[in-house]
Amino acid sequence: MKKIEAIIKPFKLDDVKEGLTEIGVRGMSVSEIKGFGRQKGHTEIYRGAEYTVDFVPKLKLEVVVGAEMAPQVVELIQEKAKTGSIGDGKIFVTSLEEVIRIRTGERGKEAI
Amino acid sequence: MKKIEAIIKPFKLDDVKEGLTEIGVRGMSVSEIKGFGRQKGHTEIYRGAEYTVDFVPKLKLEVVVGAEMAPQVVELIQEKAKTGSIGDGKIFVTSLEEVIRIRTGERGKEAI
Amino acid sequence: MKKIEAIIKPFKLDDVKEGLTEIGVRGMSVSEIKGFGRQKGHTEIYRGAEYTVDFVPKLKLEVVVGAEMAPQVVELIQEKAKTGSIGDGKIFVTSLEEVIRIRTGERGKEAI
Amino acid sequence: MINAGDTTFILICSALVMFMTPGLALFYGGMVRHKNVLATIMQSFIVIGLVTVIWVLWGYSLAFGPDVGGVVGSLAWFGLKGVGLSPSPDYANTIPHQAFMIFQAMFAIITPALITGAFAERMKFSAFLLFILLWSTFVYSPLAHWVWGAGGWLGNMGALDFAGGTVVHISSGVSALAAALLISKRKGYGKEQFIPHNLPMTITGTAILWFGWFGFNAGSALASNGLAAGAFVTTHVASASAALTWMLAEWMHHGKPTTLGAASGAVAGLVAVTPAAGFVGPLSALIIGGLAGIICYGAVVAKSTLGYDDSLDVVGIHGVGGTWGALATGLFASTAVNPDGANGLLFGNAAQLWVQFLSVLVTCIFAFVMTVVILKLLDLTIGLRVDHEEEVRGLDITQHSETAYSL
Amino acid sequence: MINAGDTTFILICSALVMFMTPGLALFYGGMVRHKNVLATIMQSFIVIGLVTVIWVLWGYSLAFGPDVGGVVGSLAWFGLKGVGLSPSPDYANTIPHQAFMIFQAMFAIITPALITGAFAERMKFSAFLLFILLWSTFVYSPLAHWVWGAGGWLGNMGALDFAGGTVVHISSGVSALAAALLISKRKGYGKEQFIPHNLPMTITGTAILWFGWFGFNAGSALASNGLAAGAFVTTHVASASAALTWMLAEWMHHGKPTTLGAASGAVAGLVAVTPAAGFVGPLSALIIGGLAGIICYGAVVAKSTLGYDDSLDVVGIHGVGGTWGALATGLFASTAVNPDGANGLLFGNAAQLWVQFLSVLVTCIFAFVMTVVILKLLDLTIGLRVDHEEEVRGLDITQHSETAYSL
Amino acid sequence: MINAGDTTFILICSALVMFMTPGLALFYGGMVRHKNVLATIMQSFIVIGLVTVIWVLWGYSLAFGPDVGGVVGSLAWFGLKGVGLSPSPDYANTIPHQAFMIFQAMFAIITPALITGAFAERMKFSAFLLFILLWSTFVYSPLAHWVWGAGGWLGNMGALDFAGGTVVHISSGVSALAAALLISKRKGYGKEQFIPHNLPMTITGTAILWFGWFGFNAGSALASNGLAAGAFVTTHVASASAALTWMLAEWMHHGKPTTLGAASGAVAGLVAVTPAAGFVGPLSALIIGGLAGIICYGAVVAKSTLGYDDSLDVVGIHGVGGTWGALATGLFASTAVNPDGANGLLFGNAAQLWVQFLSVLVTCIFAFVMTVVILKLLDLTIGLRVDHEEEVRGLDITQHSETAYSL
Ligand SMILES: Nc1ncnc2c1ncn2[C@@H]1O[C@H](COP(=O)(O)OP(=O)(O)O)[C@@H](O)[C@H]1O
Ligand SMILES: Nc1ncnc2c1ncn2[C@@H]1O[C@H](COP(=O)(O)OP(=O)(O)O)[C@@H](O)[C@H]1O
Ligand SMILES: Nc1ncnc2c1ncn2[C@@H]1O[C@H](COP(=O)(O)OP(=O)(O)O)[C@@H](O)[C@H]1O
């Protein structure tokens with residue numbers, strides 16, 4: 001089993017989600033993160049004082065899939081989340097030792 | 001060392017936390033996530049237009065424990081977080097290479 | 001490739017970030033979490049009723065770096081995030097199987 | 001004859017009192033969990049719509065229409081028939097009759113809205129609407145007639161209620177108790193933590209309530225004169241002093257002065273001074289308010305012991321505070337302040353305290369019994385409460401298909 | 001001669017109407033996405049500043065200054081020259097002329113602010129400021145003169161518009177339509193979900209609007225008398241009834257009564273009763289409001305079919321509601337309520353309905369054409385719209401370098 | 001003899017001014033970090049309670065009671081003894097004396113609340129309460145007597161201060177400077193980013209301040225007449241114009257017009273016009289406000305250079321704005337507007353500017369010295385500041401055991 005973490009631009013979520021559903025991914029988890037990287041942040045002005053906010057709001061997608069499906073998922077995310085401009089994000093792949101579905105106690109592939 | 005990630009229904013947090021404390025888990029980290037899966041979301045209505053919100057708010061629990069303790073923790077979470085209805089969530093287990101306690105610099109088991 | 005997750009006290013973010021940038025880390029992701037552990041929470045009072053809130057707000061830092069750089073990063077975070085008082089947090093290290101930069105499709109080291 | 005100054009006064013005061021109900025919506029809304037904030041706000045907001053329609057059609061007539069045996073007004077003024085733009089012979093004869101009518105409408109609106117705090121976070125919206133409809137018709141209108149209607153028996157008995165201690169606060173507070181008991185506790189009450197989701201919202205609501213209360217109490221002089229000024233001052237002073245004492249009581253009791261405590265105290269002070277506003281002087285108001293802060297704080301703390309789930313403390317603040325205010329009027333009232341009033345115990349007239357006590361008693365019994373009847377009826381027919389699953393997901397989504405915040 | 005009661009009334013009403021524009025800012029601000037809330041609030045807030053300056057310099061003179069052929073006021077009162085502290089012979093002769101001027105200023109402020117709901121979340125701030133400058137000068141002032149200015153031709157024609165159904169609501173609603181069509185849809189409209197980011201903010205805004213509207217309508221009696229009281233009552237009743245009917249319509253149509261629906265209904269009722277307030281009785285107001293709730297709900301739902309992106313439904317609520325109100329005035333107006341008014345169709349005077357219809361028609365054409373001209377002009381010169389990238393990141397950061405919340 | 005129109009005016013204006021302090025709470029509350037929002041709101045809210053009690057007991061007597069050598073009122077009116085419901089011979093003789101007293105109470109409340117912006121996010125609550133107690137008694141009351149009290153020496157000297165430029169704004173602004181210097185900077189000031197946590201809250205507060213300021217300035221005419229109307233107009237015009245100029249100044253200086261800038265400008269304009277409101281015409285107000293926006297923006301920007309941490313810019317806006325307003329009164333005042341006033345420099349009377357300058361100077365010295373004394377005293381006894389650990393965790397939890405939001 002593989003866990004695929006993708007950090008993407010927020011407005012890309014829908015596209016990625018659709019894509020994943022199409023190729024048969026049945027679930028995923030999303031959380032909001034602050035990203036720091038090459039893409040620079042923005043300036044804010046309060047009472048005549050300038051502040052540079054150097055993080056960029058991003059979404060972190062977590063998808064767990066069977067090993068054989070992982071490459072396809074990675075590819076799809078990379079394609080769907082891509083805009084070509086700095087800040088598109090990253091995809092990280094780790095291997096999972098075990099997956100359990102809480103409702104049924106099923107383990108491994110069945111649990112996904 | 002194992003890292004156990006559990007995605008659960010928010011109102012189950014207290015039960016799970018109590019359970020874990022009882023079996024001697026001394027710490028954990030919790031974050032809010034949006035979950036997509038079999039459990040379907042809800043409908044919202046604004047100015048007569050319907051929107052289907054297909055994510056479900058969930059909590060993500062992260063617990064790091066020694067390898068030997070992992071199975072017990074997984075079992076406990078599965079039991080405590082279970083309602084039997086769709087959307088109970090998942091448990092993912094990964095192995096950690098290293099754990100450090102920032103305060104003391106302790107490593108491995110001592111750090112947990 | 002290693003993924004270093006660090007749970008730190010929120011007001012330490014700037015110091016850690018600076019430190020990491022200095023040693024050449026070009027990116028990271030940060031998210032807000034609720035921490036449970038030895039550090040105890042606080043009491044809140046509403047309409048004469050006391051509530052003990054036992055979680056503590058923390059930040060979770062995720063930094064992906066090449067294997068050779070990992071020890072240095074871990075050390076730096078430990079040093080920068082340390083206050084010496086309970087609740088300084090933890091550092092977790094996992095190994096990544098793959099990293100992809102969405103924008104370019106680069107993989108591995110190049111992707112970071 | 002219409003007086004422009006008085007008419008301006010009552011119209012602006014009516015606007016101020018109207019503004020109180022959305023203020024209450026914020027006051028209550030900030031104290032619930034975020035999944036229920038819209039439903040809580042809605043329970044106050046829609047009451048403005050519903051009760052206004054009731055009031056125009058039959059509510060005003062039942063309350064202030066031609067007296068029928070001292071217990072209720074006739075339906076002669078149904079649809080505001082004969083309620084015109086010239087002064088009424090019976091009420092406030094320097095302003096248009098409709099000005100008096102609309103001023104009273106705002107009281108009829110906020111009173112049932114106050115009750116909603118007791119069953120917040122668990123009542124079915126449909127049942128709620130019917131409850132308001134019935135309560136407004138069968139509890140508020142008669143009660144208003146008894147105290148303020150020409151020929152009303154409590155008024156004739158000599159009970160002093162300047163701006164609605166019995167009619168508004170005791171009636172809502174006691175009905176709240178009945179409702180809390182009947183609808184029973186929120187899921188997880190005592191186990192989970194019910195922490196206010198947005199206290200700045202609650203403070204904002206408090207501020208609007210305080211602001212509007214000037215219209216509520218001073219406006220009850222029904223003319224712009226010394227009496228109005230006096231009521232304005234006592235209102236402000238009592239609220240200020242109660243905000244301080246509640247905060248201090250909490251500080252001593254729990255070691256911390258809270259913002260919600262100061263806000264709750266302010267409201268308690270406003271409640272307590274309501275029946276007394278035009279009958280007592282500023283120093284009496286200082287004492288009435290000061291004690292209200294302590295008494296109501298005690299009542300709110302006592303709740304947990306008594307074990308009913310009055311979600312937002314309507315009983316402790318409006319029921320207990322209103323009762324204290326009505327009795328305090330019987331203690332501190334002075335004809336030196338208001339010749340048309342009466343002297344209280346402290347000014348040598350023990351009888352007044354007795355009359356006040358009777359009016360409190362009657363109001364409590366009437367409001368409690370009627371509310372129980374109405375709610376039982378609804379419970380047996382359509383049911384009062386949302387199911388567990390809905391309660392867990394929250395009323396905003398399950399009752400209104402909305403979410404309050406997408407930040 | 002100056003009457004203290006009337007002066008108090010108009011000054012306080014002016015304050016109430018001023019308060020409406022920030023209320024509108026919250027009403028609108030809560031409905032946009034959080035990345036645009038400050039920009040949306042700013043579009044209302046800065047209008048207070050900009051239009052006030054315009055009004056003092058030339059706007060008031062163009063609207064109420066010495067008549068020029070019935071179509072506009074002269075610039076004789078530029079910089080409020082001759083607009084002093086004693087009553088004007090032409091307007092409201094029991095209050096200082098400046099009191100009348102500032103009361104009217106508040107109307108001149110909120111009207112263009114209403115339009116901003118149509119192009120929310122995508123307009124360039126610089127273009128927006130110029131739009132307001134031109135619209136206020138070339139659309140609002142002339143229109144106000146036609147209807148309310150001494151010698152204005154629509155007024156002379158006998159069109160009834162008590163508090164601004166045509167001048168304020170139809171003009172802004174129709175201009176909103178023109179704007180929505182010209183500036184075209186928001187990026188992702190129909191595809192992404194545009195969910196209000198903060199509904200409690202919107203309800204708070206609604207409450208402030210309702211509260212201020214008493215000053216808007218009752219104040220339009222320009223004196224504190226029976227007429228003012230009548231207008232106050234009809235205003236409240238229509239709003240209440242519309243809040244209910246919109247909610248019920250939605251309940252039947254979508255199976256859920258929403259908070260935003262109740263709030264939208266309340267505003268629709270206030271809009272519809274505005275031209276009628278001083279000419280109809282409470283029961284007529286009940287009907288006017290009740291129908292407004294249903295008609296405006298229908299108009300808002302129809303939008304999606306018609307396919308223009310009027311972000312916050314200015315057309316459906318102010319355009320349609322204002323039109324309904326203006327026509328309803330031609331139906332329900334009665335000299336029994338206001339001798340200086342006229343009878344409507346239901347009271348035997350079909351002619352009035354025709355006059356009302358004409359005034360609506362004229363207003364629609366004038367406002368629509370002028371708005372198109374102004375916006376085209378700006379589009380060709382500096383451009384109306386922010387670029388895609390800016391729209392995605394939000395107007396708060398890109399136009400104002402601010403973020404609304406750091407919670 | 002009591003006039004109903006005037007009484008209505010002052011009572012409603014009192015309500016409006018009371019509403020300003022919660023407005024200030026929101027204005028300030030939105031600008032701090034979310035961990036301190038309740039503490040910041042509380043510092044304004046509880047002042048309403050505390051100062052009201054002080055005012056009723058001794059504050060009013062010290063300020064307006066029988067003159068003692070021109071410097072303070074006697075304690076003859078302790079507990080409002082002799083302050084009744086009929087007009088006072090010395091003040092506002094067409095309204096009940098208590099109406100005048102409560103109107104003045106609202107001024108006494110908001111003035112110390114203004115100072116809280118200077119030491120926001122770091123002051124100990126207990127020390128704060130004592131500071132208010134002492135400052136209100138030993139700074140506000142005497143100062144109010146000097147300028148407005150019958151026999152007050154600054155008033156006798158001929159200093160013009162229509163609604164409190166010196167008494168309210170300069171005194172609070174200068175005290176704010178003293179406080180900021182004494183309590184020193186917030187932890188991390190200059191290093192960390194202090195970004196407002198909720199700007200819509202700040203705008204809402206601004207709107208309430210603007211709304212209430214009509215009561216503040218127009219009400220200071222103490223009767224409903226031409227003068228009141230004039231003050232109302234100048235207030236609105238100055239605020240509008242300052243909102244624009246601050247925004248434009250910022251736009252030119254930083255390339256972006258901000259919402260907070262427009263709001264800050266509006267407040268600066270209101271501050272500046274306060275002493276002038278009843279003495280100048282609309283066009284003068286336009287200039288006074290316009291320059292206030294630019295001057296105060298400059299002052300706020302200068303802060304970082306001067307290096308003191310006046311958290312929410314009380315010095316830059318109230319201190320500098322109030323000073324500019326007091327001097328501007330000496331420039332623009334005209335007996336053509338107010339015969340009971342005086343002419344300023346521009347109308348040929350240079351002497352007035354000198355008198356204004358003196359009154360500013362005296363106020364600055366007195367307020368600064370007294371505030372230093374009071375704070376030093378408290379610092380040496382109970383300490384002014386929370387400890388570092390508490391400051392990091394925030395005042396809401398450490399001072400009040402509450403959290404503002406659980407969203
Ligand atoms: N080394 C890293 N570890 C963890 N997250 C990273 C790392 N580098 C970048 N990120 C995440 O990816 C996002 C995009 O990276 P960035 O360098 O801005 O652009 P790009 O993805 O085009 O290289 C960042 O905002 C951050 O959230
Ligand atoms: N493949 C997956 N990868 C990551 N998270 C998942 C995956 N499938 C489900 N989840 C998470 O688990 C939650 C519950 O899953 P769901 O399919 O709705 O019900 P069940 O857990 O009963 O199968 C989802 O809301 C989502 O957060
Ligand atoms: N076993 C664990 N698994 C996951 N997170 C943990 C664990 N133990 C502690 N943490 C995280 O580390 C934070 C600090 O831990 P704590 O025990 O309070 O102090 P210390 O880090 O000094 O031991 C906690 O708030 C929690 O977020």
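Because only heavy atoms are used, hydrogens play no part in the values below, and waters and symmetry mates are left out as well, while side chains stay in. Lettering of chains follows the sequences in order, A, B, ..., and the numbering in each one begins at 1. Remember, predicted model here, so these are calculated numbers, not experimental data.
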S.K.: F/Ile48 versus chain D, heavy atoms under 4.5 Å apart: side chain, backbone, both or neither?
M.R.: both
S.K.: Is it the backbone or the side chain of D/Thr7 that comes under 4.5 Å from a heavy atom of chain F, or both, or neither?
M.R.: neither
S.K.: Do the ring centers of F/Trp77 and F/Tyr60 come within less than 6.0 Å of each other?
M.R.: yes
S.K.: Ignoring hydrogens and geometry, is there a side-chain-to-backbone donor-acceptor pair from F/Thr111 to F/Ala108 under 3.5 Å?
M.R.: no
S.K.: Counting heavy-atom pairs closer than 4.5 Å to chain D, which one of F/Val56, F/Ile41, F/Leu407 comes out on top?
M.R.: F/Leu407
S.K.: Among F/Glu121, F/Arg122, F/His197, which one satisfies side chain to side chain donor-acceptor pair (under 3.5 Å) with F/Asn36?
M.R.: F/Glu121
S.K.: Measuring heavy-atom distances to chain F, does D/Ala266 have an atom under 4.5 Å in its side chain, in its backbone, in both, or in neither?
M.R.: side chain
S.K.: Looking at chain D, which one of F/Ser401, F/Ala99, F/Ala404 has the largest number of heavy-atom pairs inside 4.5 Å, strictly under?
M.R.: F/Ala404
S.K.: By a 4.5 Å heavy-atom criterion (distance strictly below it), what part of D/Met247 contacts chain F: side chain, backbone, both, or neither?
M.R.: side chain
S.K.: Do the side chain of D/Thr234 and the main chain of D/Ala277 share a donor and acceptor less than 3.5 angstrom apart?
M.R.: yes
S.K.: Is D/Ser239 in contact with chain F via its backbone, its side chain, both, or neither, using a 4.5 Å heavy-atom distance?
M.R.: neither
S.K.: With ring pair (Phe, Tyr, Trp, His ring centres under 6.0 Å) as the test, would you mind laying out the steps for F/Phe107 and F/Phe216 before giving the verdict?
M.R.: CA-CA 8 Å; F/Phe107 285 61; F/Phe216 197 95; 4.1 Å; yes
S.K.: Go through the atoms of D/Pro257 and report whether side chain, backbone, both or neither lie under 4.5 Å from a heavy atom of chain F.
M.R.: both
S.K.: Please flag which part of D/Ile208 lies under 4.5 Å from any non-hydrogen atom of chain F: side chain, backbone, both or neither.
M.R.: both
S.K.: Check whether D/Trp213 gets within reach of chain F through its side chain, its backbone, both or neither, counting any heavy atom under 4.5 Å.
M.R.: neither
S.K.: Is there side-chain contact between F/Met42 and F/Phe128, with heavy atoms separated by less than 4.5 Å?
M.R.: no
S.K.: Would you please indicate yes or no on a ring centroid separation below 6.0 angstrom for D/Trp210 and D/His236?
M.R.: yes
S.K.: Pick one of side chain, backbone, both or neither for F/Met20, based on which atoms fall under 4.5 Å of a heavy atom in chain D.
M.R.: neither
S.K.: Heavy-atom pairs under 4.5 Å with chain D are the metric here; pick the option from F/Leu50, F/Leu57, F/Leu80 that has the most.
M.R.: F/Leu50
S.K.: Is there a salt bridge (Lys or Arg N to Asp or Glu O under 4.0 Å) between F/Glu391 and F/Arg385 once you walk through the steps?
M.R.: CA-CA 9 Å; F/Glu391 194 174 340; F/Arg385 203 172 160 137; 2.9 Å; yes
S.K.: Heavy-atom cut-off 4.5 Å, strictly under: side chain, backbone, both or neither for D/Ala218 against chain F?
M.R.: neither
S.K.: In terms of relative ring orientation, are F/Phe211 and F/Phe19 parallel, tilted or perpendicular, with 30° and 60° separating the classes?
M.R.: perpendicular
S.K.: Quick one: sort the F/His97 and F/Tyr91 rings into parallel, tilted or perpendicular, breaks at 30° and 60°.
M.R.: tilted
S.K.: Using non-hydrogen atoms only, which part of D/Leu260 is less than 4.5 Å away from chain F: side chain, backbone, both, or neither?
M.R.: both
S.K.: With only heavy atoms counted, which part of D/Asn3 is less than 4.5 Å from chain F, the side chain, the backbone, both or neither?
M.R.: side chain
S.K.: Heavy-atom pairs under 4.5 Å with chain F are the metric here; pick the option from D/Gly5, D/Ser224, D/Ala229 that has the most.
M.R.: D/Ser224
S.K.: Which atoms of F/Ser14 are under 4.5 Å from chain D, going by heavy atoms: the side chain, the backbone, both sets, or neither?
M.R.: both
S.K.: Select one option (side chain, backbone, both, neither) describing which atoms of F/Ser44 are under 4.5 Å from chain D's heavy atoms.
M.R.: neither
S.K.: Do F/Ser61 side-chain atoms and F/Trp58 backbone N/O form a donor-acceptor pair below 3.5 Å?
M.R.: no
S.K.: Below 30° counts as parallel, above 60° as perpendicular, anything between as tilted: where do the rings of F/Phe100 and F/Phe64 land?
M.R.: perpendicular
S.K.: In terms of heavy-atom pairs under 4.5 Å, which option from F/Val83, F/Ile109, F/Ile2, F/Leu11 contacts chain D the most?
M.R.: F/Leu11
S.K.: Under a 4.5 Å cutoff for heavy-atom pairs, which residue among F/Tyr405, F/Phe9, F/Trp55 has the most contacts with chain D?
M.R.: F/Tyr405
S.K.: Sub-3.5 Å donor-acceptor pair from the side chain of F/Thr116 to the main-chain atoms of F/Pro112, do we have one?
M.R.: no
S.K.: With a 3.5 Å distance limit and no angle check, can you tell me whether F/Ser141 reaches the backbone of F/Gly59 through a side-chain donor-acceptor pair?
M.R.: yes
S.K.: Is it the side chain or the backbone of F/Gln98 that comes within 4.5 Å of chain D heavy atoms, both, or neither?
M.R.: both
S.K.: Where on F/Leu26 is there a heavy atom nearer than 4.5 Å to chain D: the side chain, the backbone, both, or neither?
M.R.: side chain
S.K.: Most heavy-atom pairs under 4.5 angstrom with chain F, which of D/Gly30, D/Pro200, D/Gly261, D/Ala242?
M.R.: D/Pro200
